[in-house]
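See structure below.
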Amino acid sequence: MDIWKYFDITHREHTICNPMSDEKLNKLVELLRLNENANVLEIACGKAEFLIRLAETYNIQGLGIDISPFCIIEAKEKLKKRCPNAKIKFIEMDGAEYKHPEENYFDLAMCIGAEWVFNGFRNTLKYLIQNVKRDGLVIAGCPFWQNEPTEEYLQALELKKNSYGTHYENMLIGNELGLELLYSVVSSKDDWDHYEGLNWYSSIKYINANPDDKDNQELYDRVIKSRDSYLKWGRETLGWGICIFQRVNL
């Protein structure tokens, strides 16, 4: 099954494509206090909900990069409906391969929930730092261990323990790279339940509405495996947070 088709189906009901509430995302937007026409880069922008909220609030100009053709189509449609005059462009490509002609160009660079694009949180921050001005903002969202993962859970996720750190360790990585944590938003169990539950909901609804799709069995098996591992281990083990970083001019 095509991976981007899979994510398109499982995330059809999501407005925010990560385990974060609408209220928390709005608070984060409010705290950024960007200047009008600030230049914003988002790698793995998904449906571009965050980028479009920034355009609605601050009239920023932005660039959204995502490898999923489904996400890029939806992002463009959403922008046309909600903010048709915004100076935002979307490019369908692997975010790790994007290079802006000018280093340290953006006022804000972000990658939320797609640290896998750069093989980890540290590499994600390094990439984002290269793209922001000296006093620019860096925003990264990433899973973290809130409790020690069991070997069974790691096998279910096909991950190693060092795939993620703790929330505190993520902050320390930013410090090591010359950044200070300004603010962080962490998902609650309710946020996680809503995010994960919509995956199951969307998938079962799709299977019932499209009984002849040859990918249904694989879709079902993957979603049920994900559901069971979340309820058995993940709900108590895996956290998720968004960090806002900035350099301090001392």
Original post:
Do I91 and L41 share a hydrophobic cluster, counting only Ile, Leu, Val, Met, Phe, Trp and Tyr and linking them when any side-chain heavy atoms are less than 4.5 Å apart?
Top reply: yes
**OP:** Grab the two heavy atoms, one from R247 and one from G178, that are nearest each other, plus how far apart they are.
**Re:** CG-O, 3.5 Å
**OP:** Assess whether side chain to side chain donor-acceptor pair (under 3.5 Å) is satisfied between R53 and N26, documenting all intermediate values.
**Re:** CA-CA 8 Å; R53 289 193 193 196; N26 281 337; 2.7 Å; yes
Original post:
With no hydrogens and no angle check, is any side-chain donor or acceptor of Q246 less than 3.5 Å from a backbone partner on D135?
Top reply: yes
Original post:
Would you say H167 and V186 make side-chain contact, with heavy atoms under 4.5 Å?
Top reply: yes
**OP:** Taking the side chain as every heavy atom from C-beta outward, state whether E42 and L63 have any pair of such atoms under 4.5 Å apart.
**Re:** no
Original post:
Just wondering, more than 12 heavy atoms not from Y183 lying within 6.0 Å of its OH?
Top reply: yes
**OP:** For L31 and R33, run side chain to side chain contact (heavy atoms under 4.5 Å, CB included): C-alpha distance rounded to whole Å, both residues' side-chain angles, the deciding distance at 0.1 Å, then the answer.
**Re:** CA-CA 6 Å; L31 285 171; R33 295 169 190 167; 4.1 Å; yes
Original post:
What heavy-atom pair brings D94 and V117 nearest, and what distance separates the two atoms?
Top reply: OD1-CG1, 4.0 Å
Subject >> Note, D2 side chain near D8 side chain (heavy atom, < 4.5 Å) >> reply: no
Subject >> Ion pair check, K5 and D213, cut-off under 4.0 Å >> reply: yes
Original post:
Is a side-chain donor or acceptor of N175 paired with a backbone partner of L179 at a separation under 3.5 angstrom?
Top reply: yes
Original post:
How long is the gap from CG on L108 to CD1 on I139, to the nearest 0.5 Å?
Top reply: 4.5 Å
**OP:** With rounding to the nearest 0.5 Å, note down the distance linking CG in L79 to NZ in K81.
**Re:** 12.0 Å
Original post:
What closest approach, in Å, do I72 and F90 show between heavy atoms, and which atom pair accounts for it?
Top reply: CD1-CB, 4.0 Å
Original post:
Any side-chain heavy-atom pair from N85 and N59 closer than 4.5 angstrom?
Top reply: no
Original post:
Would you call the rings of W200 and Y230 parallel, tilted or perpendicular, where under 30° means parallel and over 60° means perpendicular?
Top reply: tilted
Original post:
Do the non-hydrogen side-chain atoms of L219 and Y206 ever get within less than 4.5 Å of each other?
Top reply: yes
**OP:** Scan I204, T10, D228 and name whichever one has a side-chain contact (heavy atoms from CB on, under 4.5 Å) with V223.
**Re:** T10
Subject >> Sidechain-backbone polar pair: K47 side chain, H14 backbone, donor-acceptor under 3.5 Å >> reply: yes
Original post:
Counting only heavy atoms not in Y105, do more than 12 sit closer than 6.0 Å to its OH atom?
Top reply: no
Original post:
Thinking salt bridges, do E115 and R122 make one under a 4.0 Å N-O criterion?
Top reply: no
Original post:
With side chains defined as the heavy atoms from C-beta onward, is the minimum distance between W192 and L238 less than 4.5 Å?
Top reply: yes
Original post:
Picking from I242, L25, L28, what satisfies side-chain contact (heavy atoms from CB on, under 4.5 Å) with I112?
Top reply: I242
**OP:** Kindly indicate, with the supporting measurements, whether the criterion side chain to side chain contact (heavy atoms under 4.5 Å, CB included) is fulfilled by E196 and S226.
**Re:** CA-CA 9 Å; E196 293 287 344; S226 175; 4.0 Å; yes
**OP:** Answer yes or no: is there an ion pair linking K205 with E13, defined by an N-O contact shorter than 4.0 Å?
**Re:** no
Original post:
At what distance, to the nearest 0.5 angstrom, does CD of E74 lie from CZ of R12?
Top reply: 9.0 Å
Subject >> Y127 (side chain) donor-acceptor with A96 (main chain) under 3.5 angstrom >> reply: no
Original post:
Which heavy atom in G234 sits nearest to a heavy atom in Y153, and how many Å separate them?
Top reply: CA-OH, 3.3 Å
Original post:
So, N123 side chain and F118 main chain: donor-acceptor pair closer than 3.5 Å or not?
Top reply: yes
Original post:
Just one of N37, N35, I88 clears the side-chain contact (heavy atoms from CB on, under 4.5 Å) bar with I60, so which one?
Top reply: I88
Original post:
For the side chain of N170 and the backbone of F121, is there at least one donor-acceptor N/O pair under 3.5 Å apart?
Top reply: no
**OP:** Answer yes or no: is there a donor N or O on one side and an acceptor on the other, between the side chain of W145 and the main chain of K161, under 3.5 Å?
**Re:** yes
Subject >> Exceeds 12 heavy-atom contacts within 6.0 angstrom, atom CD of E158 >> reply: no
Subject >> Criterion side-chain contact (heavy atoms from CB on, under 4.5 Å) against E49, the qualifying member of D22, L54, I16, N18 >> reply: I16
Subject >> Side-chain donor or acceptor of E169 paired with backbone N/O of T166 under 3.5 Å >> reply: yes
Original post:
Out of curiosity, I67 CD1 to I3 CD1, how far, rounded to the nearest 0.5 Å?
Top reply: 9.0 Å
Subject >> Donor + acceptor pair across side chains of Q217, D221 (<3.5 Å) >> reply: yes
Subject >> E30 versus Y58, closest heavy-atom pair with distance >> reply: O-OH, 3.1 Å
Original post:
Would the Y164 and F144 ring centres measure less than 6.0 Å apart?
Top reply: no
**OP:** Check whether any side-chain heavy atom of M93 sits under 4.5 Å from a side-chain heavy atom of Y98, and report yes or no.
**Re:** yes
Subject >> Backbone of L198 reached by a side-chain donor or acceptor of S202 within 3.5 Å >> reply: yes
**OP:** Determine, stepwise, if the pair F245 / E180 fulfils side chain to side chain contact (heavy atoms under 4.5 Å, CB included).
**Re:** CA-CA 5 Å; F245 292 103; E180 290 295 336; over 6 Å; no
Original post:
Can you check whether V40 reaches L34 side chain to side chain, under 4.5 Å on heavy atoms?
Top reply: yes
**OP:** Give the intermediate values and the outcome of side chain to side chain contact (heavy atoms under 4.5 Å, CB included) for residues R134 and N104.
**Re:** CA-CA 7 Å; R134 183 170 177 79; N104 307 118; over 6 Å; no
Original post:
Are any side-chain N or O atoms of D66 and backbone N or O atoms of G46, one a donor and one an acceptor, separated by less than 3.5 Å?
Top reply: yes
Subject >> Step-by-step salt bridge (Lys or Arg N to Asp or Glu O under 4.0 Å) determination, D191 to K24 >> reply: CA-CA 10 Å; D191 298 334; K24 289 176 182 176; 2.7 Å; yes
Original post:
For A156 and K225, which heavy atoms make the closest approach, and how far apart are they?
Top reply: O-CE, 3.5 Å
Original post:
Is it true that W4 and F70 have ring centroids separated by less than 6.0 Å?
Top reply: no
**OP:** Working to the nearest 0.5 Å, report the span between CE of M171 and CD of E176.
**Re:** 10.0 Å
Original post:
Strictly under 6.0 Å, is that where the ring centroids of H11 and Y6 end up?
Top reply: no
Original post:
Could you walk me through whether E56 and R82 pass the salt bridge (Lys or Arg N to Asp or Glu O under 4.0 Å) check?
Top reply: CA-CA 8 Å; E56 291 172 330; R82 286 170 48 185; 3.0 Å; yes
**OP:** Nearest 0.5 Å please: distance from the OG atom of S163 over to the CG atom of N119.
**Re:** 10.5 Å
**OP:** Would you kindly confirm whether I65 and I73 end up in one hydrophobic cluster when ILVMFWY residues are joined by side chain heavy atoms under 4.5 Å apart?
**Re:** no
